[in-house]
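Everything on this sheet refers to the single structure shown next.
No experiment lies behind these values; they were computed from the predicted model shown. Heads up: numbering here begins at 1 and tracks the sequence.
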Amino acid sequence: MRIAAVTALILLWVSRAVLAFEVEDHITYPAANEGSVLRIISTADREAFEPIIAAFQAQHPGVKVEYTITGTTSLMQAIAEEEAVFDLAISSAMDLQTKLANDGFAQNYDDAETDHLPEWASWRNQIFAFTQEPAVLVVSDAFFPDGDAPRSRDQLIALLRENPELFQGRIGTYDVRQSGFGYLMATQDSRNSESFWRLMEVMGRLDAKLYCCSGDMIRDVANGELALAYNVLGSYASSQQNGVDGFQIIEFEDYVNVMLRTALIPETSPNPEDASKFIDFLLVFGQNPDLVLASGLPAINPSVLHENTALRPIRFGPGLLVFLDKIRRDNFLKNWESSLFQE
């Protein structure tokens, strides 16, 4: 009875921790012969990650998986502020993952599989990338029927300036105040090109619509409500294109920011053993083409980067923390708001 009472208290505390931050979805995947529980907090959609979980459980039938979906900022809050209990944290916001590790919220892990990663795909034996996903422009077939969509940011700026009546209220992009991934892409853009702020000013004059998520932007482009959406997550666009018509995916020729989706083991993980097994599985899942296709998540593949030099993987390191400094972040958001909300 005493053990049962303690277990009940632990479960109650865990459930409260999970519910304290914003949860978009929570799914339990029972084990065929349960021996342990792996708790994952992730920003990846259920449709993308469910095939990966099923394949992992096929190899490890004794592991029950509890999968909690949240936003990038909420994931950071859950681990760093609320001490929510999870064994694995998976996120598309490389800067926030780097901060978690830098601030002591991640465990070290090193084995043969992690050693096979390219040097740019891991950091300090704490953060491990398992996908490379470009940020792309998504355009509506209704507005670009002849495949004459812009191929660079300068072309996009010129097109918008020359056709304000066509694009007024029909442009979408991330609300970087709310989206960790959107903020990461915007700050990387500002470092890569002087055209970023000119593009934001043009979008502001055309009353760009702001979104939390790539999926919502893709939907509105596909149905013709938007003419185009900027900095959409390419993996989600590609996976939706398989079942939805009405839009095209454009990878710019000047440069393409490539986000690395990453996993880390939180310092408070009660089950780092299964978390390590899951990381090992993620790092080799790209060797299974059927699984890559089912998930829609492109695996780490250095050869793709050599074939297209416009692809620029975002690099781990202290540079990712620069725009998380409160003063730098406040200044960036102030400039961004000035560009988007012109009076």
| request: Please step through salt bridge (charged side-chain N to carboxylate O under 4.0 Å, His left out) for the pair Lys277 and Asp280, ending with a clear verdict. | output: CA-CA 5 Å; Lys277 293 177 183 177; Asp280 287 346; over 6 Å; no
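- A salt bridge between Glu337 and Arg177 is present, with a side-chain N of the basic residue lying under 4.0 Å from a carboxylate O of the acidic one.
- Between Leu159 and Pro150, the shortest heavy-atom contact is CD2-CD, 3.9 Å.
- Using a 4.0 Å cut-off between charged nitrogen and carboxylate oxygen, Glu119 and Arg315 count as a salt-bridge pair.
- Note on Asp154 versus Arg198: salt bridge recorded, some NZ/NE/NH1/NH2 to OD/OE distance being below 4.0 Å.
- We find that Asp216 and Arg219 are joined by a salt bridge, their nearest charged nitrogen and carboxylate oxygen being less than 4.0 Å apart.
- Arg161 forms no cation-pi arrangement with Phe167, by the criterion of a distance under 6.0 Å to the ring centre and an angle within 45° of the ring axis.
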| request: Carefully, step by step, assess Asn257 and Gln188 under the rule side-chain hydrogen bond (donor to acceptor under 3.5 Å, both in side chains). | output: CA-CA 7 Å; Asn257 284 318; Gln188 291 299 306; 5.9 Å; no
| field | Step-by-step side-chain hydrogen bond (donor to acceptor under 3.5 Å, both in side chains) determination, Thr173 to Asn231 | value | CA-CA 7 Å; Thr173 192; Asn231 265 350; 5.4 Å; no
| How far apart are the C-alpha atoms of Tyr174 and Tyr183, what are their side-chain angles, what is the distance that settles it, and do they pass the side-chain contact (heavy atoms from CB on, under 4.5 Å) test? | CA-CA 8 Å; Tyr174 275 104; Tyr183 183 75; over 6 Å; no
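- The side-chain tip of Arg191 does not point at the ring of Phe323 from less than 6.0 angstrom away and within 45° of straight on.
- Residues Val37 and Phe56 do not share a hydrophobic cluster, clusters being chains of Ile/Leu/Val/Met/Phe/Trp/Tyr side chains in contact below 4.5 Å.
- The shortest non-hydrogen separation linking Ala263 to Leu282 is CB-CD1, 4.1 Å.
- Minimum interatomic distance between Leu156 and Tyr230 (heavy atoms only, all atoms of both residues): CD2-CD1, 4.3 Å.
- No hydrogens or angles considered: nothing links the side chains of Ser152 and Asp254 as a donor-acceptor pair under 3.5 Å.
- Of all heavy-atom pairs spanning Phe144 and Gln248, the tightest one is O-NE2, 2.7 Å.
- Among all heavy-atom pairs drawn from Gly296 and Ser239, the shortest one is CA-CB, 4.4 Å.
- From Asn308, atom CG reaches atom CG of Leu311 across 4.0 Å, with rounding to the nearest 0.5 Å.
- Between Phe49 and Tyr67, a ring centre-to-centre spacing shorter than 6.0 Å is recorded.
- Residues Lys326 and Asp330 are paired through a salt bridge, judged by an N-O separation under 4.0 Å between the basic side chain and the carboxylate.
- Ion pairing of Glu225 with Arg170 is absent here, as no side-chain N (NZ or NE/NH1/NH2) approaches a carboxylate O to less than 4.0 Å.
- Within the 4.5 Å cutoff, the side chain of Thr262 has no heavy atoms near those of the Ile90 side chain.
- Ring geometry for Phe196 against Phe332 counts as parallel: the plane angle stays under 30°, on a 0 to 90° scale with 60° as the upper cut.
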| task | Determine, step by step, whether Gln77 and Glu82 satisfy the side-chain hydrogen bond (donor to acceptor under 3.5 Å, both in side chains) criterion, reporting the C-alpha distance in whole Å, the side-chain angles of both residues, the deciding distance to 0.1 Å, and the verdict. | result | CA-CA 6 Å; Gln77 174 189 352; Glu82 300 181 9; 2.5 Å; yes
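- Closest approach of Val221 and Leu228 over heavy atoms only: CG2-C, 4.0 Å.
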